[in-house]
**Q** 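To start, I am sharing the structure in question, which I have written as structure tokens.
Computed from a predicted structure; not experimentally measured.
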Amino acid sequence: MKTLIFIISSCACVYLLLVLLLYGYQRSFIYFPSPANSGNLPVESFFNQGEQIDVLVHNVGRDSAIIYFAGNAESVAASSPILAKEFAEHTLYAVNYRGYATSSGVPSENALNSDALHIYDSLAGRHLQITVIGRSLGSGVATYLAAQRKIQKMVLITPFDSVLNIARDKFPYFPIALLLKDSYDSVSRVEQIVAKTLVILAEHDQVIAASHSQRLIKAFTKGQVQVRVIAGSGHNDLSNTVEYYRLIKDFL
């Protein structure tokens, strides 16, 4: 009997320790800050809640603009020059999240969403039209912005329904709903979004399960969303294809 009690107590202690570790280190599973930008890249700094958010700006002075919210481990210093070349008729604003590159602060859902609103409001008077593009984690920021502001067009690349649902799948034996700090619940915001939306999916997405993307897609009003799948592509390499840029260009 004592042995059984000892085993149960040990298991409970190990489980509790894992719960505490998961709670304490959860944001290290979500955010992978990119290093400081190298080279002479055009930067505009936005100041919000005492933090400096550095945004890479390309093709200055166009009537139309794109605000780009990147993936959680993406360096916009590497990706934005390619985007700027492909979408030369748009001014491109590629956001370095808090704690990424030279932006100050610590990334969190509330912080990134607040920064997105601040950046959009700062830019609204400069351009006749602003399109929002969100990739992977950035899709969660993009849907928040589109739910809070009247965005005409939005592109979501490898999006998900919510981080909460993804985490539940990955950690089924833990009380994720009680532990999670950043849920990025995009699916709950769809009813507030009026933007025409393009969703681009990778055929072989190793990071976001197809079920999570499909739940988000089904929440949109019929006719509001276009869905395109890039054959043979994965979560991280679908932007290496010609089709990726063609789909976005045709939509814009």
**Q** In Å and rounded to the nearest 0.5 Å, what is the NE2 to CG distance from His127 to Asp63?
**A**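 Interatomic distance, His127 NE2 to Asp63 CG, rounded to 0.5 Å: 9.0 Å.
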
**Q** Answer yes or no: is there a side-chain heavy-atom contact under 4.5 Å between Arg27 and Asp182?
**A**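 Yes, their side chains come closer than 4.5 Å.
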
**Q** Can you tell if the side chain of Phe46 reaches within under 4.5 Å of the side chain of Ser122, non-hydrogen atoms only?
**A**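 Sidechains of Ser122 and Phe46: in contact.
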
**Q** If you measure from the Lys or Arg side-chain nitrogens to the Asp or Glu carboxylate oxygens, is any gap between Arg246 and Asp250 under 4.0 Å?
**A**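 Result for this pair is yes, salt bridge flagged.
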
**Q** Could you tell me if the ring centre of Phe174 sits under 6.0 Å from that of Tyr15?
**A**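 Centroid distance Phe174-Tyr15: below 6.0 Å, so yes.
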
**Q** With distance as the sole criterion, is a donor-acceptor pair present between the side chains of Ser79 and Glu74 under 3.5 Å?
**A**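 Yes, Glu74 and Ser79 have a side-chain donor paired with an acceptor closer than 3.5 Å.
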
**Q** Measure the spacing between OG of Ser114 and CG of Asn48 and express it to the nearest 0.5 Å.
**A**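 Atom-to-atom, Ser114:OG and Asn48:CG are 4.0 Å apart.
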
**Q** Look at the side-chain heavy atoms of Ile, Leu, Val, Met, Phe, Trp and Tyr, link any pair under 4.5 Å apart, and say whether Val227 and Phe251 land in one connected group.
**A**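 Different clusters.
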
**Q** Check whether any side-chain heavy atom of Tyr97 sits under 4.5 Å from a side-chain heavy atom of Asp115, and report yes or no.
**A**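 Contact flag for Tyr97/Asp115 side chains = no.
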
**Q** Are the side chains of Val163 and Ile30 in touch, meaning some heavy atoms are under 4.5 Å apart?
**A**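 A side-chain contact under 4.5 Å exists here.
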
**Q** Short question: side chain of Lys181, backbone of Gly24 - any donor-acceptor pair under 3.5 Å?
**A**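 Absent.
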
**Q** With distance as the sole test, does His212 use its side chain to make a donor-acceptor pair with the main-chain N or O of Ser162 at under 3.5 Å?
**A**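 Between the backbone of Ser162 and the side chain of His212 there is no qualifying donor-acceptor contact (under 3.5 Å).
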
**Q** Say whether Leu17 and Phe171 are linked into one hydrophobic cluster, either directly or through other cluster members, by side-chain heavy-atom distances under 4.5 angstrom.
**A**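 Leu17 and Phe171: separate clusters.
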
**Q** Closer than 3.5 angstrom, by distance alone: can the side chain of Ser213 be matched with the main-chain N or O of Pro159 as a donor-acceptor pair?
**A**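 Checked: pair present.
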
**Q** Side chains of Asp54 and Ser103: do they bring a donor and an acceptor to under 3.5 Å?
**A**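 Asp54 vs Ser103: no donor-acceptor pair found between side chains.
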
**Q** From Asn59 CG over to Leu83 CG, what is the distance, rounded to the nearest 0.5 angstrom?
**A**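 It is 10.5 Å, given to the nearest 0.5 Å.
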
**Q** Looking only at heavy atoms, which two atoms of Phe47 and His118 are closest? And how far apart?
**A**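 Smallest interatomic distance, heavy atoms only, reads O-NE2, 3.0 Å.
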
**Q** Can a side-chain donor-acceptor contact be found between His204 and Ser233 if the only test is distance below 3.5 angstrom?
**A**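 Ser233 vs His204: no donor-acceptor pair found between side chains.
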
**Q** Would you sort out whether Val43 and Val57 count as a side chain to side chain contact (heavy atoms under 4.5 Å, CB included), showing the intermediate values?
**A** CA-CA 6 Å; Val43 176; Val57 186; over 6 Å; no

**Q** Under the salt bridge (Lys or Arg N to Asp or Glu O under 4.0 Å) rule, collect the residues that match up with Asp237, sequence neighbours excluded.
**A**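 Here no residue qualifies.
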
**Q** What's the shortest heavy-atom distance between Glu51 and Gly105, and which atoms?
**A**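 Result for this residue pair: OE1-N, 3.2 Å.
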
**Q** Examine the side chains of Ser34 and Ser75 and answer whether a donor and an acceptor come within less than 3.5 Å of each other.
**A**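 Looking only at side-chain atoms, Ser75 and Ser34 do not form any donor-acceptor pair under 3.5 Å.
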
**Q** Measure across Ala219 and Val190 and return the closest heavy-atom pair with its distance rounded to 0.1 Å.
**A**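 Looking at all heavy atoms of both residues, the shortest contact is O-CG1, 3.2 Å.
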
**Q** Could you walk me through whether Gln49 and Arg98 pass the side chain to side chain donor-acceptor pair (under 3.5 Å) test, one step at a time?
**A** CA-CA 11 Å; Gln49 299 177 334; Arg98 292 194 193 194; 2.5 Å; yes

**Q** What do you reckon, are the aromatic ring centroids of Tyr68 and His90 less than 6.0 Å apart?
**A**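 No.
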
**Q** Answer yes or no: is there a side-chain heavy-atom contact under 4.5 Å between Ser80 and Leu92?
**A**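 When only atoms from C-beta onward are counted, Leu92 and Ser80 do touch, with a gap below 4.5 Å.
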
**Q** Does NZ or CZ of Lys85 come closer than 6.0 Å to the centre of the six-membered ring of Tyr245, within 45° of the ring's axis?
**A**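 No; the conditions do not both hold, so Lys85 does not lie above the ring face of Tyr245.
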
**Q** Is it true that Lys249 and Glu86 make a salt bridge, defined as a side-chain N closer than 4.0 Å to a carboxylate O?
**A**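 Salt bridge flag = yes for Glu86 with Lys249.
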
**Q** According to a 4.5 Å side-chain heavy-atom criterion applied to Ile, Leu, Val, Met, Phe, Trp and Tyr, with indirect links allowed, do Val141 and Val55 form part of one hydrophobic cluster?
**A**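 Linked, Val141 and Val55 end up in one cluster.
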
**Q** With a 3.5 Å distance limit and no angle check, can you tell me whether Thr221 reaches the backbone of Gln224 through a side-chain donor-acceptor pair?
**A**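 Checked: no pair found.
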
**Q** Is it true that atom CD of Glu191 has more than 12 heavy atoms of other residues, nucleotides or ligands lying nearer than 6.0 Å?
**A**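 Not more than 12 within 6.0 Å, no.
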
**Q** Could you tell me if the side chain of Asn96 sits less than 4.5 Å from the side chain of Leu56, heavy atoms only?
**A**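 Yes. Closest side-chain heavy atoms under 4.5 Å.
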
**Q** Sequence neighbours excluded, which residues qualify as salt bridge (Lys or Arg N to Asp or Glu O under 4.0 Å) partners of Asp205?
**A**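 Once residues adjacent in sequence are excluded, Asp205 has no partner under the salt bridge (Lys or Arg N to Asp or Glu O under 4.0 Å) criterion.
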
**Q** Measure the CG-CZ distance between Asn113 and Phe69 for me, rounded to the nearest 0.5 Å.
**A**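 Reported value, rounded in 0.5 Å steps: 9.0 Å.
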
**Q** Checking the side chain of Ser28 only, and the main-chain atoms of Gln26 only, is there a donor and an acceptor separated by less than 3.5 Å?
**A**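 Pair absent, no side-chain N/O of Ser28 close to backbone of Gln26.
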
**Q** Hey, mind stepping through Thr91 and His58 against side chain to side chain donor-acceptor pair (under 3.5 Å) and telling me if it holds?
**A** CA-CA 6 Å; Thr91 299; His58 301 268; over 6 Å; no

**Q** What's the spacing between Leu247 CG and Arg228 CZ if we round to 0.5 Å?
**A**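 Rounded to the nearest 0.5 Å, the CG-CZ separation comes out at 7.0 Å.
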
**Q** Would Leu156 and Leu198 count as a side chain to side chain contact (heavy atoms under 4.5 Å, CB included) here? Give the steps.
**A** CA-CA 6 Å; Leu156 302 178; Leu198 170 66; over 6 Å; no

**Q** If you measure from OG1 on Thr158 to CD1 on Ile208, what distance do you get to the nearest 0.5 Å?
**A**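 Rounded to the nearest 0.5 Å, the OG1-CD1 separation comes to 6.5 Å.
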
**Q** Could you tell me which non-hydrogen atom of Leu252 sits nearest to which non-hydrogen atom of Lys153, and how far apart they are?
**A**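 Heavy atoms only, the tightest pair is O-NZ, 3.3 Å.
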
**Q** Minimum heavy-atom separation for Ala177 to Arg168, with atom names?
**A**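 Reported closest heavy-atom pair: CB-NH2, 3.6 Å.
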
**Q** Which heavy atom in Leu41 sits nearest to a heavy atom in Ala77, and how many Å separate them?
**A**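 What the structure gives for the nearest pair is CD1-CB, 3.6 Å.
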
**Q** Starting from the C-alpha separation in whole Å, work towards a yes-or-no answer on side chain to side chain contact (heavy atoms under 4.5 Å, CB included) for Gln152 and Val194.
**A** CA-CA 7 Å; Gln152 291 180 305; Val194 298; over 6 Å; no

**Q** With clusters defined by side-chain heavy atoms of hydrophobic residues (ILVMFWY) lying less than 4.5 Å apart, directly or transitively, does Tyr31 cluster with Ile176?
**A**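 Both belong to a single hydrophobic cluster.
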
**Q** Are Leu201 and Ile217 packed together at the side-chain level, in the sense that at least one heavy-atom pair is separated by less than 4.5 angstrom?
**A**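 Answer yes - side chains close enough.
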
**Q** Decide yes or no on side chain to side chain donor-acceptor pair (under 3.5 Å) for Ser239 and Arg135, but give the supporting numbers first.
**A** CA-CA 10 Å; Ser239 58; Arg135 181 169 182 174; 3.0 Å; yes

**Q** Hey, mind stepping through Leu216 and Phe160 against side chain to side chain contact (heavy atoms under 4.5 Å, CB included) and telling me if it holds?
**A** CA-CA 6 Å; Leu216 178 67; Phe160 50 81; over 6 Å; no

**Q** Please answer whether the main-chain N or O of Gln52 pairs with a side-chain N or O of Ser104 as donor and acceptor at a distance below 3.5 Å.
**A**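 Yes, Ser104 side chain to Gln52 backbone: donor-acceptor pair under 3.5 Å.
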
**Q** Under the 3.5 angstrom rule, does the side chain of Gln206 hit a backbone N or O of His235 as a donor-acceptor pair?
**A**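 Checked: pair present.
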
**Q** Are any non-hydrogen side-chain atoms of Ile157 and Tyr244 less than 4.5 angstrom apart?
**A**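 They are in contact (side-chain heavy atoms under 4.5 Å apart), so the answer is yes.
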
**Q** Does the Tyr93 side chain pair with the main chain of Glu44, one donor and one acceptor, at a distance under 3.5 Å?
**A**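 Not confirmed, Tyr93 side chain does not pair with Glu44 backbone.
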
**Q** According to a 4.5 Å side-chain heavy-atom criterion applied to Ile, Leu, Val, Met, Phe, Trp and Tyr, with indirect links allowed, do Ile200 and Val187 form part of one hydrophobic cluster?
**A**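 They do not share one cluster, since no chain of ILVMFWY contacts under 4.5 Å joins Ile200 to Val187.
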
